[in-house]
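A short worksheet on the structure shown next.
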Amino acid sequence: IRSGGSRENFLPLGSMTTADSMRPRTQPTPHPTSPQRAATRTAPRFKSRRDWLSNEPGAWAIVLMPTLSALFVCGPTLALCWVAVAWACCYCVQFSAARWFKSRFRTRYAAPTLTYLGALAVIGVPFVVLHPGVLRWAPLYIVLTAGSMLGAWMRREHSLWANACAVLASSAMPLVMQPYGAHAIPAMQLAGNTLPSTHNWFPAGTFAQPALTLSLAYAAMLGGSVLFVKTMIRERGNRAYLAASWIWHIVICAVGFAVSPWLGAAGALLLLRAIGLPLIARMRRVPAKYTGITECVASTLCFVLITCAAI
């Protein structure tokens, strides 16, 4: 108590010894940080390896399956392999540009986009010069690319219409590739090597077999895959999506058997997984990785069946 009678905060007598009061206060020891961890914290994020790779493993199946089937069915040639490589590069441009649009053009995504775009120019421009007929498909792919980028900008890249852009772009590749295959008839080869004209944009043979079968089969299969995955993950429990998925698969199974036993078998396989797995998910939780594994196995089997149907 001060002489003026005021009371101050104090510790009870005997709670602190003279040695305790004289001991200097020590600061907490900081935890050591490894040089690798420190470098990771300070490294620019745009240098991450993940910025250069697609984070959708299933997308590669959507992109490559129709192209690989076309390679087997149309007969591999240098030009056909050239188109396949250019198409894979197109996908690299698409997923990196979609991230760039979604992030509102952040710097970290600029380098992958511009690098892949440069690689596509190196690969694609010489092909267009030698085979200008491929430009007849440019309007379609411009529209589909615009839809994909719009979905990324609106952050609705997993919407049905954005997925439809990806499915249509991939499914049309057998039609794009057919004029450059070893089994192409002279009229097809001429169309592939001639600049398209306004009065005859799609000449005879553009939508010929077997590429037409591949394109339609993959459009049906990949469209069903989009619906099935949504019923298992993003729209799980949504009865409207489940009904749409079941109806879609019943139709493609019936049409498949009407066209070819191979396509019918593919449709039956897809129908079985579209009905069975959602019913299992009602009784017990099905992790997303098991959905992915099931879809991977079903897609691989359908790849073999569809390719056999077109040969």
Side-chain angles (χ1 to χ4, degrees), residues 54 59-97 115-145 148 165-219 221-222 299-300 302-304 306-311:
S54 172
W60 279 108
I62 294 177
V63 170
L64 293 181
M65 281 195 301
T67 300
L68 293 176
S69 289
L71 278 173
F72 288 117
V73 173
C74 298
T77 62
L78 177 61
L80 203 64
C81 296
W82 196 348
V83 176
V85 173
W87 173 241
C89 195
C90 283
Y91 174 60
C92 293
V93 173
Q94 187 277 331
F95 74 73
S96 57
T115 302
Y116 286 134
L117 196 60
L120 178 60
V122 171
I123 296 171
V125 171
F127 184 87
V128 173
V129 172
L130 295 175
H131 308 282
V134 75
L135 291 176
R136 66 176 36 89
W137 299 100
L140 172 64
Y141 280 91
I142 288 173
V143 172
L144 296 177
T145 302
S148 177
C165 290
V167 168
L168 292 175
S170 181
S171 300
M173 280 305 296
L175 294 172
V176 177
M177 298 172 67
Q178 182 165 242
Y180 311 106
H183 306 319
I185 62 176
M188 291 182 188
Q189 295 175 354
L190 181 63
N193 297 326
T194 307
L195 194 66
S197 59
T198 54
H199 66 277
N200 192 20
W201 194 264
F202 291 111
T206 302
F207 299 98
Q209 299 292 353
L212 184 61
T213 296
L214 287 176
S215 291
L216 293 178
Y218 274 112
M221 172 199 148
L222 297 176
S299 298
T300 302
C302 286
F303 165 76
V304 175
I306 291 174
T307 303
C308 290
I311 293 177

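For the single chain, residues carry numbers from 1 onward in sequence order.
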Check: Trp82 side chain, Thr77 main-chain N or O, donor-acceptor pair, under 3.5 Å: no
Worked verdict on Gln178 versus Leu214 for side-chain contact (heavy atoms from CB on, under 4.5 Å): CA-CA 11 Å; Gln178 182 165 242; Leu214 287 176; over 6 Å; no
Heavy-atom side-chain contact between Pro210 and Ile311 under 4.5 Å: no
Point-to-point distance, once rounded to the nearest 0.5 Å, from CD of Gln94 to CG of Leu144: 10.5 Å
Heavy-atom closest pair, residues Ala121 and Pro126: O-CD, 3.8 Å
Side chain to side chain, Met65 and Ser299, heavy atoms closer than 4.5 Å: yes
Straight-line distance of Tyr116 OH to Phe95 CZ, nearest 0.5 Å: 4.5 Å
Spacing of CG belonging to Leu64 relative to OG belonging to Ser170, to within rounding of 0.5 Å: 7.5 Å
Nearest non-hydrogen partners of Pro132 and Pro196, listed with the distance: O-CD, 3.6 Å
Parallel, tilted or perpendicular: rings of Tyr180 and His131 (30°, 60°): perpendicular
Gap separating the SG atom of Cys74 from the CG atom of Leu80, nearest 0.5 angstrom: 6.0 Å
Atom pair CG/OH of Leu168 and Tyr141 - distance to nearest 0.5 Å: 9.0 Å
Main-chain N/O of Asn193 paired with Gln189 side-chain donor or acceptor, under 3.5 Å: no
Closest contact, heavy atoms only, Ala172 versus Leu140: CB-CD2, 4.3 Å
Nearest atoms (heavy-atom pairs only) where Ile306 meets Ala217: CG2-CB, 3.9 Å
Closest non-hydrogen atom pair between Ala184 and Pro179, with its separation: CB-O, 3.7 Å
Closest heavy-atom pair and its distance - Pro76, Ala182: O-CB, 4.3 Å
Side-chain (Trp201) to main-chain (Arg136) donor-acceptor, under 3.5 angstrom: yes
Test item: Ser96 side-chain N/O and Val93 main-chain N/O as donor-acceptor pair under 3.5 Å: yes
Candidate pair Thr206 and Leu175, rule side-chain contact (heavy atoms from CB on, under 4.5 Å), full reasoning: CA-CA 7 Å; Thr206 302; Leu175 294 172; 5.9 Å; no
Greater than 12 external heavy atoms within 6.0 Å of Phe127's CZ: yes
Expected output: side-chain Trp87 to main-chain Val63 donor-acceptor under 3.5 Å: yes
Value rounded to 0.5 Å, distance of CE in Met177 from OG in Ser69: 9.5 Å
Non-hydrogen side-chain atoms of Pro174 and Val73 separated by less than 4.5 Å: no
